[in-house]
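A short write-up of the structure that comes next.
Note that the structure is predicted; figures quoted are calculated from it, not measured. Proteins come first, then strands; the chains are lettered A, B, ... in the order of their sequence lines, and each starts at number 1.
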Amino acid sequence: MKYEHCIRCTICVENCPVFRVNPEFPGPKQSGPDAQRFRSDRERAEDGWVLLCSQCKRCEMACPCGVEPAQIILNEQQRYGKEHPQTPAHLLFANNYYLSALGSLTAPIANMIASSKMGKKAFRAMGISTYIPFPKFHFRTMRREKKILNRKTRKVAFFYGCFINFYRPDIGRKIVRLLSALNVDVVLPPQWCCGLPALGNGNIALAKHFAQKNASSLSNYIDAGYDIVYTCTSCGLCLMHDYPGILKIPQGKKIAESSYDVHEYIIKLINEGYAKPVFGEVPRKIAYHIPCHLRALEIGYPAAKLMAAIPGLECEILDDACCGLSGSYGFKKENELTAIQMGNRAVSLIKKTKAENIVADCGSCRMQLSGLSGMTALDPAEILCEALDIKDQK
Amino acid sequence: MSVTEYDVVIIGAGVAGLTAGALLAERGFKVALVTQGEPTACLSTGCIDVCSRGSSPLSGIHDLPPEHPYHLVSEKIIRDALNYFQAAMTDMGIPYAGGAEENRFILSALGTLKTSCLVPSTMKEAPQDTKDSVHIITFKGLKDFYPGYIISRRRNTKSSVYDAGVYSTMSIASHFEEKEFFEKFIIWLEKLNIDEDKLAFPAVLGLESASEIVDTVSILIGKPVFEIPTIPPSMPGRRLFNGLKGYFHKKGGTLYWAWPVAGIEKTGKVIEAVTTPSEGRPNSINAKAFILSTGSFVGGGLTATRESIIENVFHLPVHISGPRETWFDSDYFSLNHGIGRAGIIADSTLRPAGSSWENIFVCGGILADTEILKNGCGHGLALATAHAAALSCAEYLSR
């Protein structure tokens, strides 16, 4: 941890979306490098306010000196989580994978309960916020998808992530068809939650448990010549940075070397001359909200690059605002107001563009932005499918 | 179409880098900009100082010593650069007042008049002499601004304190963009019945729509309103960065965050790619040309060791006059510290002189002999040399 490199310029504070709206949070400089000088493993973790950080990593992107405030705070969140009793909301969201698996199995009933008045009351009693509708569970998850094996030269193992699997398997299926249309063989390897929700709720032991299971599954596929492709930018960030980093997964480096964002991968195929997609016209204006974790992946904005090649599509890039939901962060009652204020700012910037649709790579960004704006929010892959005329399969 | 193959890679996201990037993207080149973090422009007052050594920036430039990098750029390019900047920022909703013919003053947080050239429209009403009486509004608990400094220097100056309920520059600025807060504030302001000629604020009047907020307050109160730049976090500096970044995106440039350049790939006299450390695959970006706009010491372009000064990306030869003893003046506040002259010497094509690379162009604060503090020429020099470097680079690419 390079907290000594901090020159106290406050650029991170200016970039912190939480600090901007929540006076309770002292900001990344104070909770990160400043406070770190006074922390010791021999003392109890007492800074409860570190939990107010949403881990958007904007401070790390902005820091001109290479200090990683979010990483320092993440470590402290784990230490705090270990030493203090967890609230029901923290426990539930850390275990989101198991809950969602249950929700999907009982999809119609679970959805009914989640959207009923009683259900919402129960959520609030447990400290879960209900200002935007809880996403709908789907029975036909990605895990239930048949494996597609056509023996093409390029093969990828698709890490679809919990959001796609339990709530939007339709987008997952679209991405599989999109890659197949580019002559790529797609398989769906056995996979679990990436571990980020557990990490975000201060439960590093559970995060490690998930990460180890995923790592041994994915590394099998890598050894068999598969590239790993992810679509959720937060899962991706966890695979690329947290597996080799804070979680210290032995296969972490190998996984980080072979994992690609789906759009980054498509561009790689095009660059290598393997695929030559011809995009049809999509005459529309979209506001492309850049998820914080896409910025943090340090790969530029690959979907924007692809969408720029679609005739008729006008794409305005918005990378200044965090949507505020940050996975399970905004679903916790204590963060509700912060998340709404952050989200409203992002929405007001989107509305200024007068775009027809919102586009974002991250499922939870889409959920928040469409919930607060009433606009439709799409995955970039949906736009690409439209441009390539790839239809939904029933 | 490609993401790893660019025409130009620009290193550094400051005023120079973003301007050069927008200019090249506008000409149809594929441009990527890589940066370790946000630039020192965010910490600045947001004003464009062109040359503060007199009342006219252009004649000030004329009088600079012959080795000053301004002399690499023609007067026409300097004018074009300033016009281009003003048009771009107006386009992004952050208009700038002033022009190349004459310098103007802004009121500093210490109560002095600071010379600048192009100033954000929120500062254009700043008093140009000591005559105007000023009423300063400040905010309860705001640690970064003390009107007492100004009152002690200027006669006819008063101040009032408003309790915004929040105490940091950022939070107050974001509250000003909320209608409810704004209306409550205006009613409080109207009740003050201000007699003074002008109304001043620390620069916290919004982030995205500051110029509109200043105009609205001015209309509602019926007096000229202006902002006084504060120490970082500096809202006008951030507006400047956001405006240039937005314009760069608009012209089609691609930005890579958290991308400190750690290595280069080269063949013969040509740099082929820059690389960054990464947990995963080696992260490299190829291009036909590279523009170095990493700034000076604070910006991260140069590092001083006990023995020498190093240029961090390409290890270009750094010019510094004399041994370490001559780098500093004995007076701390002197403007003649030799270290202010350290940097890269460029030739008339903005290529680094005395190096064999043919596809590197240099602009902005990393240039040698700028003495930015002494000459008051930071952002202005960045704009002018960015233009010259972009033109030279475009010529190289179209060969």
Query raised in the report: Taking everything shown except B:Lys140 itself, do over 12 heavy atoms lie less than 6.0 Å from its NZ?
Result: no
**Report entry** Atom group of B:Ser168 that falls short of 4.5 Å from chain A, counting heavy atoms
**Finding:** side chain
Query raised in the report: Minimum heavy-atom separation for B:Pro232 to A:Cys9, with atom names?
Result: CB-O, 3.7 Å
Requested in this report: Please flag which part of A:Ile255 lies under 4.5 Å from any non-hydrogen atom of chain B: side chain, backbone, both or neither.
Outcome: neither
**Report entry** Option that, when pairs with chain B are counted at under 4.5 Å, heavy atom only, ranks first among A:Leu318, A:Ile7, A:Leu297, A:Asp320
**Finding:** A:Asp320
**Report entry** Shortest non-hydrogen contact between A:Ile11 and B:Pro39, atoms and distance
**Finding:** CD1-O, 3.6 Å
Report summary line: Applying a strict 4.5 Å limit to non-hydrogen atoms, the region of B:Ile231 in contact with chain A is neither
Query raised in the report: Under a 4.5 Å cut-off applied to non-hydrogen side-chain atoms, are A:Asp319 and B:Lys245 in contact?
Result: yes
Report summary line: Highest number of heavy-atom pairs under 4.5 Å with chain B among A:Glu60, A:Lys253, A:Arg345 belongs to A:Arg345
Query raised in the report: Given a strict heavy-atom distance threshold of 4.5 Å, which part of A:Ala62 is in contact with chain B: side chain, backbone, both, or neither?
Result: both
Query raised in the report: Taking atom CD1 of A:Ile317 and atom CG of B:Leu255, what is their separation to the nearest 0.5 Å?
Result: 9.0 Å
Query raised in the report: Can you tell me how far the OH atom of A:Tyr301 sits from the NE2 atom of B:His249, to the nearest 0.5 Å?
Result: 4.5 Å
Requested in this report: Tell me, out of A:Cys16, A:Gly300, A:Gly66, who's got the most heavy-atom pairs with chain B below 4.5 Å.
Outcome: A:Gly300
Query - Region of A:Ser258 in contact with chain B, defined by heavy-atom distances below 4.5 Å - result: backbone
Query raised in the report: Which answer fits A:Arg8, side chain, backbone, both or neither, if we ask what part of it has an atom under 4.5 Å from a heavy atom of chain B?
Result: neither
Query raised in the report: Which of the residues B:Met235, B:Glu208, B:Glu178 is involved in the greatest number of heavy-atom pairs with chain A at under 4.5 angstrom?
Result: B:Glu208
Query raised in the report: Any side-chain heavy-atom pair from A:Lys57 and B:Trp257 closer than 4.5 angstrom?
Result: no
Query raised in the report: Just wondering, more than 12 heavy atoms not from B:Lys251 lying within 6.0 Å of its NZ?
Result: yes
Report task. With a 4.5 Å heavy-atom cut-off (strictly below), which parts of residues 18-27 of chain A touch chain B? List them by number. Result -> A:Phe19, A:Arg20, A:Pro23
Query raised in the report: Charged N to carboxylate O under 4.0 angstrom, B:Lys250 versus A:Glu316?
Result: no
Requested in this report: Please step through side chain to side chain donor-acceptor pair (under 3.5 Å) for the pair B:Glu38 and A:Asn15, ending with a clear verdict.
Outcome: CA-CA 10 Å; B:Glu38 290 193 347; A:Asn15 274 276; 2.7 Å; yes
Report summary line: So CE of A:Met61 and CD of B:Gln36: to nearest 0.5 Å the spacing works out to 10.5 Å
Report summary line: When the 4.5 angstrom heavy-atom criterion is applied to A:Lys352 and chain B, the contacting part is side chain
Requested in this report: Of all the heavy-atom pairs spanning B:Tyr256 and A:Glu298, show the shortest one and how long it is.
Outcome: CD2-O, 4.2 Å
Query raised in the report: Do other residues, nucleotides or ligands put more than 12 heavy atoms under 6.0 Å from the CD atom of B:Glu180?
Result: no
Query raised in the report: How about A:Glu257: does its CD atom have over 12 heavy atoms from other parts shown lying under 6.0 Å from it?
Result: yes
Report task. Pick one of side chain, backbone, both or neither for B:Pro233, based on which atoms fall under 4.5 Å of a heavy atom in chain A. Result -> both
